[in-house]
Amino acid sequence: MNMTLNELRKTAGQLIMIRFPGPVLDAATARFIQANGIRAVCLFRGNMTDSQQLATLTAELRALMGPESLIAIDQEGGAVVRSTWVPAPPAAMGLGAADDTSLAERTGAAVARAVKALGFNWNFAPVLDLNNNPHNPVIAERSFGAGPQRAAELGMAWMAGSHGEGVACCVKHFPGHGDTHVDSHRDLPTVDKPLSQLEQFEFAPFRLAADQAPAIMTAHIVYPALDPDYPATMSRRILHQLLREEWNYQGVIITDGMDMHAIAGRYGVGKAAVRALVAGADMVMALGTPETQEETLSAIADALASGALSMEEVQARLARLAKLALSYPCQPRAYLEDAADRAVMAEGWRRALSARGNPQRPPAGSKVRLVMRQDVVSDGVSEAGVPAATVAASLGKLFDVELVTFDDAETFDWAALPQDGRYTMLASTSRLRYGPHARASWRPDLHLALWNPYQALDIAAPALMTYGFAAPALEAVNAWLSGALEATGRVPVPGFA
């Protein structure tokens, strides 16, 4: 088949998803989208200011990209949300702690109603990774738990809720990011387990969900039992043979961001994109910069021209992408359910609340010393953590609060706190686990683990775990502290009994 350079680039353009900076569609990005037939964009926090601005932006993108537009967002819940003003969904592990598929389905539906009203038709959620490694630096509370069957059931319920409201889900990160010590945004992890173990644990939720998930996102992880040479994103053994042929998966396969260091730093974005498509991916997430997007586009066009990328397989990929876009069209809706959806989310946060070590409530009006990090910036995956002043103000509704902040947990001297009888609370507001100094010497009366529940294992103190720091999480903590709520959640991973 002889194609002109323009035709090659427009075909390549349909196989990539891009991002761009800022809250408006700049002229250069618009020209790039139109000239290259781009049909897929992922928007992040930096693209958003409020509902009106975002609805305008997505409408402009839809008009530019056409009826097969795919406009995506990471609105998982907990700390991984991009639109922060809509009703705040509990994290997956919070829903795992509540252990109610009906609640999971209602949560997925509420998330979808909000993002559809903003102009999105594709949500990169839910996470089906099993968090079977307590030191995982990037998954933690994003996982529904450690049990394959229950995690899959909760994830599929969440997905059913979203699909019922017309927003496509994309489960991630296939074939499993839970048992890693490395964040693939920073380096290339390896999960070196026998195939039998992978099939029993990591693979199981994805296999259970494969007949319902319209899209699956790949993991930038090497699984030597299947392919010792390439990460899953670039492995034909994993994407084509395992997922397509052995599991008979019919939906869209999209890569995780190809700008992540696990890929871009090792292989180069252009070569990696071609390798991912040859391996069996339908769409390459070419986030990066205009320069890396151009490099990706040119590399794919060259592979099409040379025959390195089969045109027959490309046509099958385009058909799958078209089916996804037409099954879940970008058709914004009025958002009239805000108050009702906030009630759903609040229910989730309250039912997620989990206790460890028999925590005791301080008497009403007590003098409390709150110790916490001053603030937590975004790590590029999650939104910024809750500022210390916000937690202090929330607890100040119930108690006389003195706030003490630190910059570095490993140098903060707990013994230097005044011995004046104040009830001491530690509020943990980052995903990172505590180091040896804090583990050995910090002794609060109550530990509020407001993000990563595994932090409750680091500090020898009774703990409340919320699985996130959104406003309804703080409200649930106050409800417990006031005696209006019991902590009925059960942490859905080992080690918390």
Side-chain angles (χ1 to χ4, degrees), residues 15-17 124 127-130 148 152 155-156 169-180 184 188-258 260 262-263 266-267 270-285 299-300 303-304 306-324:
L15 299 171
I16 71 171
M17 170 174 279
F124 291 146
V127 167
L128 291 187
D129 303 308
L130 299 177
M156 287 189 288
C169 285
C170 179
V171 300
K172 58 189 185 185
H173 307 80
F174 171 79
H177 204 320
D179 194 5
T180 58
S184 54
L188 183 63
T190 297
V191 175
D192 194 0
K193 291 182 173 181
L195 184 58
S196 60
Q197 287 186 25
L198 293 170
E199 289 174 338
Q200 186 178 359
F201 292 103
E202 275 80 2
F203 295 0
F206 294 98
R207 187 156 197 175
L208 289 166
D211 64 342
Q212 298 180 37
I216 290 178
M217 182 184 291
T218 68
H220 300 330
I221 300 173
V222 175
Y223 302 82
L226 285 169
D227 187 339
D229 299 320
Y230 288 104
T233 292
M234 299 163 61
S235 169
R236 191 164 176 87
R237 168 69 185 96
I238 294 174
L239 298 190
H240 182 74
Q241 293 178 22
L242 176 67
L243 187 52
R244 284 276 183 237
E245 294 189 336
E246 295 176 31
W247 293 11
N248 194 34
Y249 182 61
Q250 300 297 310
V252 165
I253 302 173
I254 184 170
T255 73
D256 205 342
M258 300 297 276
M260 291 160 62
I263 299 296
R266 287 173 178 260
Y267 303 101
K271 291 180 180 178
V274 171
R275 177 76 203 184
L277 292 169
V278 170
D282 297 310
M283 178 164 274
V284 170
M285 200 183 294
I300 296 171
L304 287 167
S306 70
L309 193 55
S310 158
M311 186 56 70
E312 182 181 357
E313 289 192 359
V314 165
Q315 292 302 329
R317 285 155 174 64
L318 296 176
R320 282 190 286 268
L321 290 163
K323 180 181 178 182
L324 178 68

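Being a predicted model, the structure only gives us computed values, none of them experimental.
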Inset, instruction - Might you work through the side-chain contact (heavy atoms from CB on, under 4.5 Å) test for M234 and Y267, ending with a clear yes or no? - result: CA-CA 10 Å; M234 299 163 61; Y267 303 101; 3.7 Å; yes

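- In this structure a side-chain-to-backbone donor-acceptor pair under 3.5 Å is present from D282 to I253.
- Remark: F206 pairs with F174 by the ring pair (Phe, Tyr, Trp, His ring centres under 6.0 Å) rule, at least two apart or across chains.
- Judged as a side chain to side chain donor-acceptor pair (under 3.5 Å), and not counting sequence neighbours, the contacts of E245 are H240.
- Here P228 pairs with nothing under the side-chain contact (heavy atoms from CB on, under 4.5 Å) rule; sequence neighbours left out.
- Checked against side-chain contact (heavy atoms from CB on, under 4.5 Å), V278 has the following partners two or more places apart in sequence or in another chain: V274, L309.
- Between atom CD1 of residue I263 and atom OG1 of residue T233 there is a gap of 5.0 Å, rounded to the nearest 0.5 Å.
- Considering all non-hydrogen atoms of both residues, P148 and L208 come closest at O-CD1, 4.3 Å.
- Partners of T255 according to the side chain to side chain donor-acceptor pair (under 3.5 Å) rule, which considers only residues two or more places apart in sequence or in another chain, do not exist here.
- Taking every heavy atom of both residues into account, M156 and A209 meet most closely at SD-CA, 3.7 Å.
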Legend entry - Step-by-step side-chain contact (heavy atoms from CB on, under 4.5 Å) determination, M258 to H220: CA-CA 9 Å; M258 300 297 276; H220 300 330; 3.9 Å; yes

Inset, instruction - Would you please test L321 and V252 for side-chain contact (heavy atoms from CB on, under 4.5 Å) and show each step? - result: CA-CA 6 Å; L321 290 163; V252 165; 3.8 Å; yes

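- Note on residues 213-238: pairs passing salt bridge (charged side-chain N to carboxylate O under 4.0 Å, His left out), not counting sequence neighbours, are R236-E313, R237-E246.
- From D129, atom CG reaches atom CD1 of I221 across 7.0 Å, with rounding to the nearest 0.5 Å.
- Considering every non-hydrogen atom in both A232 and A219, the closest pair reads CB-O, 3.3 Å.
- For the residue pair L128 and G155, the shortest heavy atom distance occurs at CD2-CA, 4.0 Å.
- Taking every heavy atom of both residues into account, M285 and D256 meet most closely at CB-O, 3.7 Å.
- Taking A308 as the reference, A303, S306 meet the side-chain contact (heavy atoms from CB on, under 4.5 Å) condition, with sequence neighbours excluded.
- Remark: Q250 engages N248 in a side chain to side chain donor-acceptor pair (under 3.5 Å) (not counting sequence neighbours).
- A search for side-chain contact (heavy atoms from CB on, under 4.5 Å) contacts involving Q200 returns nothing, not counting sequence neighbours.
- Panel note: side chain R317, backbone A281; a donor-acceptor pair is recorded below 3.5 Å.
- The shortest heavy-atom contact between V284 and A276 is CG2-CB, 4.4 Å.
- At a threshold of 4.5 Å between non-hydrogen side-chain atoms, the residues C170 and I254 count as touching.
- Taking CG of L15 as the start and CG of L304 as the end, the distance is 7.0 Å to the nearest 0.5 Å.
- Listed by first and then second residue, the salt bridge (charged side-chain N to carboxylate O under 4.0 Å, His left out) pairs that reach into residues 205-224 come to none, sequence neighbours excluded.
- One finds the CG atom of D192 at 12.0 Å from the OH atom of Y223 (value rounded to the nearest 0.5 Å).
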Inset, instruction - Begin from the C-alpha positions of L239 and R244 and carry the test side-chain contact (heavy atoms from CB on, under 4.5 Å) through to its verdict. - result: CA-CA 7 Å; L239 298 190; R244 284 276 183 237; over 6 Å; no

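- For F203, the ring pair (Phe, Tyr, Trp, His ring centres under 6.0 Å) criterion is met by no residue, not counting sequence neighbours.
- Using a distance-only test at 3.5 Å, with no hydrogens or angles considered, a donor-acceptor pair links the side chain of Y249 to the main chain of A215.
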